[in-house]
Amino acid sequence: MPVLVGEISSSQSDVHRLYGGVVPELASREHLRNLPVLFQSLLRTSQVKEEDIDVIAVTRGPGLKGCLLMGVGFAKGFAFARGIPLVGVNHIEGHVLVPMLDNPDLEFPYLALVVSGGHTEIVEVRGVSDYQVKARTIDDAAGEAFDKSANLLGFEYPGGPELATLADTVNSSRYRLPKVMREAEGFSFSGLKTAISLLIQANTDALDDSELRAELAFAIQDSIVDALLFKLKKAAKESGVKRIVVTGGVSANKRLRTLVKEEFGENAFFPNWTHCMDNAAMVGFAAALRFEHLQQVDTLDFGVKSRWPIEDLSHQSETSE
Ligand code: KG4
Ligand code: ZN
């Protein structure tokens, strides 16, 4: 199994907070500016020399095209200059596989609930590049539901983690939100979003009271977590897969972790805290597995894929955008 020798990350939240969400053009420029600096800094701190690198991994998609192009351009340049192989990785595959890096006893097959700012899906992971999507969202992602609700509570972008921290200061709530997603096949957060917005509109006074605001946060967190857990239990029952993984930014949510552990016990696995939110280690790890198990090497003329559902990997779709 590949081991991690060093990692570094940089957050752009401060840049985008001013605008209340990610501004794609600014995001690409930040990548262009930060990537070479971070790379040099990582080589220094992990005491790795450029000549020690045998393969370079890069996120090929899905995501914002401009940002993907920055990373892919940098990686191609490095691979070409050094004459080493390049491996393009699917971002969601990174989230899905990284719990294996952090939990050496985790084995295939497992069911992965991917909950991030852009994705919410349940994937049956049978092996490297063998994925079957069991459910996915038809509108917002779980992270977006957290962030948009946090915004209604007065938190700045992204807000999800702050909402969770506030919710965890209380043990119950006087506010009630409907149980959602009981019938539909996939995930859908639009009904819940409306219910949350109406709840806050009806209780604007509560926003000025620290206890009541925390109870609102508790009710919101609970409703989102409840919907995720309901779908996860259903998928586990229907698929018969024993091991359960929760991954992506929202897997840092303590309430979600507690309830998943309560339900699945020793069969529940999570990434380390540093590998919940987007990180390069997950991309390097996925590339190492693909290189090792599938001998994947990409050509220097490959394109980025701003849309790239994970199930496409199972049949190695090669269309680029
Ligand atoms: O995976 P990620 O870093 O980026 C994407 O690929 O989208 O996920 C970021 C998302 C954001 O929406 C953020 O608010 C959410 O993860 N998030 C949380 C928590 N920590 C991060 N949501 C709820 N509770 C948390 N503790
Ligand atoms: Zn992500």
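Hydrogens, waters and symmetry mates are skipped; everything else that's a heavy atom, side chains included, is used. Quick note: residue numbers are just sequence positions, from 1. Note that ligands are numbered from 1 as they come in the structure, with each ligand's atoms numbered from 1 the same way.
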| message | Run Leu153 and Ile220 through side-chain contact (heavy atoms from CB on, under 4.5 Å) and show every step you take. | response | CA-CA 10 Å; Leu153 285 183; Ile220 293 166; 4.2 Å; yes
among protein heavy atoms, the one nearest atom 10 (C) of ligand 1 is Gly117 N, 3.5 Å
Counting from 1 in the order shown, the ligand 1 atoms closer than 4.0 Å to a non-hydrogen atom of Gly118 are 7 (O)
Close side-chain approach of Arg290 to Ser129, heavy-atom, < 4.5 Å: yes
The N/O/S atom of Asp278 lying closest to the Zn ion (ligand 2) is OD1
So the atoms of ligand 1 within less than 4.0 Å of a heavy atom of His95 turn out to be 1 (O), 6 (O)
query: Would His16 and Glu30 count as having a side-chain donor-acceptor pair, cut-off 3.5 Å?
result: no
In this structure, atom 24 (N) of ligand 1 is nearest to the protein heavy atom Asn253 ND2, 3.0 Å
* Is Asp209 reaching over with its side chain to a backbone N or O of Glu211, donor-acceptor style, under 3.5 angstrom? -> yes
Hey, can you tell me if Phe39 and Phe78 have their rings parallel, tilted or perpendicular (30° and 60° cut-offs)? perpendicular
Here the atoms of ligand 1 under 4.0 Å from any heavy atom belonging to Ala164 are 24 (N), 26 (N)
Any donor-acceptor N or O pair under 3.5 Å, side chains Asp301, Thr299: yes
A student checking ligand 1 against Phe146 at a 4.0 Å heavy-atom cut-off should list atoms 22 (N), 23 (C)
Just to check, does Gln221 reach to within less than 4.0 Å of ligand 1 when the distance is taken from its heavy atoms?
no
Judged by heavy atoms only, the candidate from Asp147, Thr120, Thr247, Asp278 nearest atom 1 (O) of ligand 1 is Asp278
Gly160 heavy atoms within 4.0 Å reach ligand 1 at atoms 14 (O)
In ligand 1, the atoms that come under 4.0 Å of a heavy atom of Gly143 are 12 (O)
**Asked** Is it true that Asp168 and Lys254 have a side-chain N and a carboxylate O under 4.0 angstrom from each other?
**Response** no
*What's the verdict on side-chain contact (heavy atoms from CB on, under 4.5 Å) for Phe302 and Val58, showing C-alpha distance, side-chain angles and the deciding distance?*
CA-CA 12 Å; Phe302 80 53; Val58 64; 4.0 Å; yes
heavy-atom search around atom 15 (C) of ligand 1 in the protein gives Val250 CG2, 3.9 Å
The Zn ion (ligand 2) -> His95, closest N, O or S atom is NE2
Item checked: Arg182 to Phe230, cation-pi by 6.0 Å centre distance and 45° axis angle -> yes
of all protein heavy atoms, closest to atom 19 (C) of ligand 1 is Gly249 O, 3.8 Å
At the 4.0 Å heavy-atom cut-off, does His91 count as touching ligand 1?
yes
Quiz item: Can you check side-chain contact (heavy atoms from CB on, under 4.5 Å) on Glu121 and Ile92, steps first, answer last?
Solution: CA-CA 10 Å; Glu121 48 204 44; Ile92 303 302; 3.6 Å; yes
